[in-house]
Structure formats: structure tokens, C-alpha cells
2 protein chains.
Amino acid sequence: MQPLLLDRLLQIADLFQKDMARAFDGTGLTPARVHLLWALQHAGPSTQQALARLCGVSPRNITGLVDALEASGHVRRSPHPSDRRAVLVELTGTATETMTQMQQEHADLDATLIAAVAPEDRAAVERGITAIALHLETLVADAAASEPAKGAP
Amino acid sequence: MQPLLLDRLLQIADLFQKDMARAFDGTGLTPARVHLLWALQHAGPSTQQALARLCGVSPRNITGLVDALEASGHVRRSPHPSDRRAVLVELTGTATETMTQMQQEHADLDATLIAAVAPEDRAAVERGITAIALHLETLVADAAASEPAKGAP
DNA sequence: TATTGTTATACTCTATAACTATA
DNA sequence: TATAGTTATAGAGTATAACAATA
């Protein structure tokens with residue numbers, strides 16, 4: 001009995017996360033903090049509310065993550081130019097370099113993994129994985145919609 | 001610029017975990033606890049040391065997880081027949097049923113996702129994902145070996 | 001009145017180190 | 001001496017709820 005395709009996919013994600021965590025080790029970075037840095041790199045300077053939405057966590061949680069990243073010199077808080085309630089969070093120069101390098105390594109790993117697939121299978125794998133991701137996204141969205149989180153069922 | 005294959009794989013894992021977490025909601029189960037139940041179902045009654053190795057976490061952590069699962073009626077501790085230091089952890093009847101059902105749903109989801117792939121691509125996807133998983137496993141093992149965790153580099 | 005961020009509180013997962021009881 | 005499990009302690013990630021300042 002061979003493992004299910006789904007189990008293979010989960011194994012890949014697990015291995016990747018282990019590898020990431022090992023790479024951070026000693027830098028003060030963690031998966032949650034890197035996720036925030038990654039969101040910042042893509043969105044540019046953002047309010048904490050925006051980061052909470054992008055990362056899918058509570059605003060309170062963002063406060064803690066930004067506190068830690070500010071202490072380690074990865075991000076900077078500055079006053080919002082037009083809304084005195086809000087702050088803008090942005091990457092520092094060194095963090096921008098770190099993220100650029102991380103993105104490069106990410107792309108390199110992607111190329112390495114694709115190279116492990118037989119050339120005649122590559123197009124089918126791309127198509128298949130994309131189809132699975134889209135289908136699963138639909139399933140999860142439907143499940144979430146039919147069960148409105150809290151309150152009125 | 002289309003997303004990298006690796007990003008698709010991580011997205012799939014993330015969606016799956018979200019869906020799992022939503023399914024547990026209100027049952028007192030969490031991903032870590034389900035992982036332990038899953039290990040128990042496959043290994044049969046086990047000592048906590050064995051569970052620590054299977055789950056890849058510290059023995060201390062297993063104590064906490066087993067405490068919680070015992071309180072919620074999913075597992076039972078019993079004395080080890082030949083080693084009075086150790087305890088055997090085993091699934092209760094209801095937990096066995098829960099896990100059987102969960103495994104069935106897991107298999108159903110796997111079938112659903114495979115059905116989302118074009119029939120002529122399925123064999124290639126199976127081969128490709130297996131190749132990627134094996135290759136990544138090798139990469140991570142090599143990285144771990146060249147950096148002996150703690151102490152002597 | 002609604003929004004932004006924070007303080008307060010709490011729970012889960014995780015780890016290491018020290019201790020107890022066995023082997 | 002080494003092993004199985006626990007207590008003690010600590011830190012990260014997460015959440016909700018209450019509160020301040022500002023829109």
C-alpha cells in the first residue's frame with residue numbers, strides 16, 4: 001500500500017518547514033516572523049491592521065511580532081503621515097537584503113526540486129498541482145462559508 | 001509571473017491544515033494532539049518515549065499532550081507489564097472510532113483532489129511528487145548531517 | 001460611533017534542566 | 001550508570017476582551 005498523494009504533499013511541506021527553521025536557527029527569526037517580513041516585502045510599508053489581514057492573525061499578535069522584529073533590527077515603526085492612530089511598519093535595509101537573499105534561495109530550491117522530476121512529467125506536474133491547489137481552495141472556502149465562524153449558524 | 005511550484009505545495013499544506021483545524025474546532029483536539037493519536041493508531045499501545053520519537057518532540061511535551069488527551073477521554077495510561085518505570089498509552093474505543101473516521105475522510109479528500117487532476121496527468125503527478133519528496137528528504141538529511149545540531153561543528 | 005494599537009489575561013506547543021523511580 | 005516519566009521554568013505563537021487615542 002503506497003502512501004496517498006496528499007500524504008506526500010504534507011511530507012514535502014513538513015520537510016520544507018524543518019529546513020527553513022534550521023536555516024533561521026540563531027538569527028532570532030522564526031516562521032511567524034519571517035512570514036511577516038515576507039508580507040512586508042511584498043506589500044511595502046503597512047499598518048499593523050493591514051499586516052494582521054495579510055498574515056491572517058489577530059492585530060494583537062502583530063504587536064508582539066513587530067515588537068520582536070523591531071528589537072532585532074528587522075523592521076522600523078514610523079508615524080502614519082495622515083492617521084495619527086496608526087503606525088507604518090517597514091523593513092530596514094539589512095532586512096531587505098536578507099529577504100532578497102531568502103527569495104533567491106527559495107527560487108533555487110524550487111528549480112532543484114523541479115529538476116528532480118523527469119522532464120517529460122514536468123508540465124503535467126505543474127498543471128496537476130495547480131489544479132489541486134485551486135480545488136482545495138474552493139473546498140475550504142465553501143466549508144468556511146457554510147459554517148460562519150461564530151454566532152449565527 | 002506565475003507562482004513557483006514550491007509555493008503551490010506550501011499553499012496546499014496550509015489550506016489542508018486550516019481545514020483540519022476547522023474540523024477539530026470544539027472537539028478539544030488540536031493538530032499536535034491529532035498527530036499523537038495518529039501515531040498511536042499506527043503503532044499501537046506505546047510508551048511515551050516511543051511516542052516522543054514518533055512525533056519528533058521532547059518526552060516532556062508528550063507528557064503534556066497525553067495529559068490533555070487523557071482528560072478528554074481519547075487515550076488511557078496503563079502500567080507497562082515488564083518495566084515499572086514506563087507507562088503504555090493506548091487509544092480508547094471512542095478515539096479509535098474517531099481516528100478510523102478521520103482516516104476515511106482523509107482518503108476521500110485524497111480521491112477528490114486526484115479527481116481534480118486531468119486523467120492523463122495523474123500518473124505523472126504521482127511520479128513527480130514522489131520524486132520531489134524523496135529529493136527534498138535527502139537535501140534536509142544532508143543539511144542536518146553537516147550541521148550536528150549542537151556542540152561540535 | 002468606529003478604528004488603531006495596546007495592555008491584560010490565558011491557553012497551547014515547544015524546549016532544557018533537575019529530580020524520582022526504576023532498571 | 002542509564003532510562004522513563006515528571007516537576008520546574010521559560011519562551012513563542014495564538015486568541016479574546018477591555019481600554020486609550022484618534023477619526
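Numbered from 1 within each chain, the chains take letters A, B, ... in sequence-line order.
Rounding to whole angstrom units, CG of residue A:D25 and P of C:dA15 are separated by 12 Å. In this structure, A:R60 places its CZ atom 18 Å from C1' of C:dT3, rounding to the nearest Å. Rounded to an integer number of Å, the gap from A:L51 CG to C:dT3 C1' is 16 Å. Atom CG in B:L54 sits roughly 14 Å away from atom P in D:dA4 (whole-Å rounding). Here the C1' atom of nucleotide D:dA12 and the CZ atom of A:F24 are 14 Å apart, to the nearest Å. Whole-Å rounding puts the B:Q17 CD to D:dG13 C1' distance at 14 Å.
Distance from the side chain of A:L65 is smallest to D:dG13 among C:dA17, D:dG13, D:dT16.
Remark: B:R77, B:R85, B:A86, B:V87 in residues 67-87 of chain B come within less than 4.0 Å of DNA chain D through at least one heavy atom. Of the residues in residues 26-48 of chain A, those lying under 4.0 Å from DNA chain C by heavy-atom distance are A:T47, A:Q48.
Between A:N61 and the phosphate of D:dA15, there is a side-chain N or O to OP1/OP2 separation shorter than 4.0 Å. Between D:dG5 and B:T63, no contact under 4.0 Å exists linking OP1 or OP2 to a side-chain N or O.
Not a single ring pair (Phe, Tyr, Trp, His ring centres under 6.0 Å) links B:H80 to another residue, sequence neighbours left out. For A:D7, there are no salt bridge (charged side-chain N to carboxylate O under 4.0 Å, His left out) partners two or more places apart in sequence or in a different chain. Listed by chain and residue number, nothing satisfies the side chain to side chain contact (heavy atoms under 4.5 Å, CB included) test with A:E97 (two or more places apart in sequence, or in another chain). Here B:H35 pairs with nothing under the ring pair (Phe, Tyr, Trp, His ring centres under 6.0 Å) rule; sequence neighbours left out.
At a threshold of 4.0 angstrom between heavy atoms, the contacts of B:I62 with the nucleic acid are absent.
Here B:D67 pairs with B:R77 in a salt bridge; the nearest charged N to carboxylate O distance falls below 4.0 Å.
Contact record, B:S58 with B:A52: C-CB, 4.1 Å, taken as the closest heavy-atom pair. Residues A:L65 and A:A32 share a closest heavy-atom pair of CD2-CB, 4.1 Å. Of all heavy-atom pairs spanning A:A133 and B:L15, the tightest one is O-CD1, 4.0 Å.
Screening B:T130, B:V117, B:L113, B:I114 for a side-chain contact (heavy atoms from CB on, under 4.5 Å) with A:L5, the sole residue that qualifies is B:I114.
DNA chain D is contacted by both A:V57 and B:P59; B:P59 maps to the nucleotide lying nearer its 5′ end (nearest heavy atom per residue).
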